[in-house]
Amino acid sequence: MSASQESTSQTIVAPQVLLGNHLKALKLPTFAREYEKVALESAQDRADYPRYLLRLCELERIDRERRNVERRIRLARFTQIKSLDTFDFAAQPSLNKPLVLELARCEWIEKRQNCIALGPSGTGKTHVALALGLAACQKGFSVAFTSAAALVHELMEARDERRLRALQKHLNTVKLLIVDELGYVPFTAVGSELLFEVFSQRYERGATLVTSNLPFDEWTSVFGSERLTGALLDRLTHHVHILEMNGDSYRLATARKAQRRNADEPSVSPRTKGEADADI
Ligand code: ADP
Ligand code: MG
């Protein structure tokens with residue numbers, strides 16, 4: 001290769017390498033990946049330079065939004081991904097569907113209000129909580145999902161390791177905190193105090209969603225202290241949307257249906273309440 005040929009090939013390669021570096025530094029990965037393809041398409045369509053750039057900008061923004069939603073979903077630490085699309089409202093007639101759909105629009109999160117889903121096991125409380133959390137991630141809100149027992153455990157561990165402040169700060173800054181399954185496990189006095197602090201610090205500063213199998217008048221059995229439970233309910237229920245889910249267990253109903261199909265019988269003997277409770 002002659003010197004002149006070599007310098008020509010260098011000038012052809014160099015701008016692309018430089019462009020790649022600049023786009024990386026500017027954090028425009030979709031630009032970097034798509035600009036050649038979109039250039040060819042734009043040439044074919046006789047699109048001018050502004051239109052070419054516009055197409056690239058649009059692609060970058062769409063991709064960036066998708067990446068942001070994915071990041072928020074990852075950070076939320078959902079146990080599963082569930083959406084309202086797969087929730088059968090007809091199976092849970094006690095649930096206020098218009099309210100759930102309204103909550104999925106996330107204005108309550110913007111207004112730093114609370115939501116409490118109450119009902120026995122298997123009625124879809126976690127499903128709805130996950131779905132509202134997912135909707136919040138899609139609408140641009142940061143979310144943290146945890147069970148009450150795991151949160152108390154995490155708070156106690158953080159306290160023992162002298163990093164409670166950092167954890168509290170994280171719990172205070174998320175736009176939506178979801179605390180699932182309050183009521184299955186009673187807390188120690190320290191655990192109750194720590195959880196109370198979380199709710200208390202979030203009061204009117206961030207939205208909180210709690211699910212519980214216990215009606216409010218039984219929450220004292222979880223927190224131990226009547227005074228603490230009263231103060232907590234006072235804060236949590238000040239600006240609150242209550243989702244009553246008092247129907248049958250969906251798990252139980254689907255298990256029964258499957259059993260019926262398998263056995264090809266018209267019906268199976270109903271299970272006792274004790275057995276149903278073991279379904280948690
Ligand atoms: P809970 O938290 O009230 O105990 P879950 O939300 O865990 O109940 O529901 C148990 C299972 O049944 C989950 O797999 C959930 O997706 C499903 N489920 C419950 N209710 C419904 C419903 N109405 N439509 C579709 N799936 C449901
Ligand atoms: Mg649940």
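Counting starts at 1 for both ligands and their atoms, in listed order.
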Salt bridge between [X] and [Y], side-chain N to carboxylate O under 4.0 Å?
X: Asp63; Y: Arg33; result: yes
X: Glu65; Y: Arg72; result: yes
X: Glu60; Y: Arg55; result: no

Can you tell me the protein heavy atom closest to [atom] and the distance?
atom: atom 14 (O) of ligand 1; result: Lys82 NZ, 3.1 Å
atom: atom 23 (N) of ligand 1; result: Asp88 O, 2.9 Å
atom: atom 6 (O) of ligand 1; result: His127 N, 2.8 Å
atom: atom 8 (O) of ligand 1; result: Gly124 N, 3.1 Å

Given Phe89, Tyr250, Phe87, the one that forms ring pair (Phe, Tyr, Trp, His ring centres under 6.0 Å) with His127 |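 Between His127 and the candidates, ring pair (Phe, Tyr, Trp, His ring centres under 6.0 Å) is satisfied uniquely by Phe87.
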
The Mg ion (ligand 2) to nearest N/O/S of Thr126 below 2.8 Å |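 Yes.
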
Thr86 contact mode with ligand 1 (heavy-atom cut-off under 4.0 Å) |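 Just the backbone.
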
Side chain, backbone, both or neither: which part of Met245 has a heavy atom under 4.0 Å from ligand 1?
->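 Neither; no heavy atom under 4.0 Å.
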
Identify whether Val240 and Leu132 are in the same connected component of the hydrophobic contact network (ILVMFWY, side-chain heavy atoms under 4.5 Å).
->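 The answer is no; the residues belong to distinct hydrophobic clusters.
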
At a 4.0 Å cut-off, with the gap strictly under it, does some heavy atom of Gly119 reach an atom of ligand 1?
->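 For ligand 1, residue contact (heavy atoms, under 4.0 Å) with Gly119 is absent.
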
From the options Tyr250, Phe89, Tyr184, select the one whose nearest heavy atom is closest to atom 20 (N) of ligand 1.
->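 It is Tyr250 whose heavy atom sits nearest to atom 20 (N) of ligand 1.
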
By ring pair (Phe, Tyr, Trp, His ring centres under 6.0 Å) - contacts of Phe187 (at least two apart) |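 Residues passing ring pair (Phe, Tyr, Trp, His ring centres under 6.0 Å) with Phe187: Phe223.
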
